[in-house]
Amino acid sequence: MTPSDVKATLSFSDGSPAMDLPVYKGSVGPDVIDIRKLYAQTGKFTYDPGFLSTASCQSAITYIDGDKGELLYRGYPIEQLATNCDYLETCYLLLNGELPNATQKTEFTGLVTKHTMVNEQMQFFLRGFRRDAHPMAVMTGLVGGLSAFYHDSTDITNPEHREISAIRLIAKMPTLVAMAYKYGIGQPYIYPKNDLSYAANFTRMMFATPCEDYTPNDVVVRALDRIFILHADHEQNASTSTVRLCGSSGTNPFAAIAAGVACLWGPAHGGANEAALNMLEDIQRSGGIEKIGEFIKQVKDKNSGIKLMGFGHRVYKNYDPRAKLMRETCHEVLNALGLQNDPLFKLAMALEKIALEDDYFVSRKLYPNVDFYSGIVQRAIGIPVSLFTAIFALARTVGWIAQLNEMIGDPEYKIGRPRQLFNGSVARDVKPIAQR
Ligand code: SDX
């Protein structure tokens with residue numbers, strides 16, 4: 001972080017002493033005003049619920065320009081990564097800062113492949129759940145439970161422990177998600193197969209059965225690999241901030257990632273892809289494209305509490321570049337699978353067109369985000385709606401780990417402990433119950 005030659009001066013109308021605050025520049029994006037000494041010097045806190053104007057950390061991993069609709073992983077535009085790389089190359093990039101060369105890619109892929117199995121005891125965690133448990137409930141439990149098997153690598157301050165935990169989590173998430181799926185449909189678990197690529201292995205664990213050979217469909221594998229890349233990281237979003245705050249206590253990486261899984265589940269965040277597809281199915285059931293106008297009216301009515309799921313974003317005030325790539329993947333997959341007339345895809349594109357011409361959305365800069373089309377692709381390749389967010393968690397695990405490791409690797413990091421504006425009761429005495 002580079003000191004700016006601009007200073008911020010904070011003055012108070014009641015004549016309290018003014019204070020100069022340093023301003024710092026990053027390599028790109030908004031400057032920051034360093035308020036770390038504010039409370040010590042003024043006895044005042046800043047107030048920013050939802051952190052709309054707060055940089056919680058320095059990071060070199062992912063940069064988003066919300067106005068331009070630009071997303072860079074370690075400086076590489078998401079469009080180029082989604083077209084020229086696969087997910088494990090992207091994992092290597094996010095974790096190490098550079099794309100792997102051929103040797104590094106082979107070694108990294110080999111390392112991940114060798115850690116795809118989970119301890120046989122893990123299946124007994126699943127048995128504790130009802131078969132109809134939501135996969136995100138299962139995943140929150142399983143990921144947290146992983147820490148019970150790896151006491152040899154839970155010291156987050158040890159770089160080797162951080163590295164092997166990263167490999168284990170990236171490698172085992174597909175196995176756990178597939179197990180959660182198989183458990184829900186009452187089918188036997190399918191073990192990983194080391195001669196398959198990461199996405200092909202996941203496809204086989206999801207859709208194969210012990211009764212017959214299974215060859216993953218290349219179109220499905222490529223679509224999943226792209227879905228993983230698009231969801232891999234996204235700077236300081238809610239679940240990543242959760243992982244950072246959780247990890248700042250020094251807890252083990254598995255527990256911190258489990259906290260991220262739990263946060264991602266929410267419909268305002270990773271749960272939006274499930275909510276967006278359910279929304280499209282509801283509109284389809286109530287009449288389809290002809291009913292869009294009525295639905296948009298409900299969304300614009302604040303009292304309805306209805307949002308256009310898959311639209312809007314805290315940072316993007318332009319089209320989410322991932323949504324564009326996801327829409328492309330929609331076309332490819334639906335055409336390849338002979339589903340080009342998929343009514344939900346047509347409905348989604350009609351809804352997008354109408355919303356982007358409606359001043360309510362345009363004035364609020366509400367554009368489709370990554371979740372608007374991802375559900376249609378996943379549904380087309382046979383993934384149940386309830387598993388969408390678990391797949392988002394699978395893909396985001398590398399981003400969470402990279403961000404966690406970046407924080408722990410920063411000698412300046414402290415345990416996160418925000419303050420508050422207190423507006424409750426001031427001190428008062430307890431009265432005997434007869435007087436209450
Ligand atoms: C993800 O942070 C990340 O980077 C997240 C993510 C990632 O990769 O990690 O990108 C993944 O979570 C994508 C977002 C998925 N969520 C949804 O699609 C759910 C629907 N979207 C909204 O809930 C909302 O847009 C948020 C939560 C995404 C952003 O909310 P903000 O930034 O707090 O904005 P806001 O709620 O203050 O909205 C501003 C205005 C409000 O209207 P007014 O009060 O100004 O009249 O826009 C309206 C909101 O009511 N609005 C919407 C809307 N989103 C915002 N109105 C209708 N439909 C919507 N989807």
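Counting starts at 1 for both ligands and their atoms, following the listed order.
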Who are the residue neighbours of ligand 1 when the rule is a heavy atom under 4.0 Å from any of its atoms?
H234, N237, P267, A268, H269, A272, V299, K302, K307, L308, M309, G310, F311, G312, H313, R314, R322, Y360, R364, L366, N369, D371, F392, R396

Listed once per pair and sorted, the side-chain hydrogen bond (donor to acceptor under 3.5 Å, both in side chains) pairs that draw on residues 244-256, sequence neighbours left out
Q236-R244, R244-Q403, R244-E406

Y316/H234 aromatic ring centres below 6.0 Å:
yes

Pi-cation contact, Y76 with R74 (under 6.0 Å, within 45°):
no

Selection residues 330-348 - residue pairs positive for side-chain hydrogen bond (donor to acceptor under 3.5 Å, both in side chains), sequence neighbours left out:
D342-R379

Residue pairs meeting salt bridge (Lys or Arg N to Asp or Glu O under 4.0 Å), one or both in residues 408-425, sequence neighbours left out, come to R36-E412

Give a yes/no verdict on a cation-pi contact between K172 and F254, requiring under 6.0 Å between NZ or CZ and the six-membered ring centre and an angle within 45° of the axis.
no

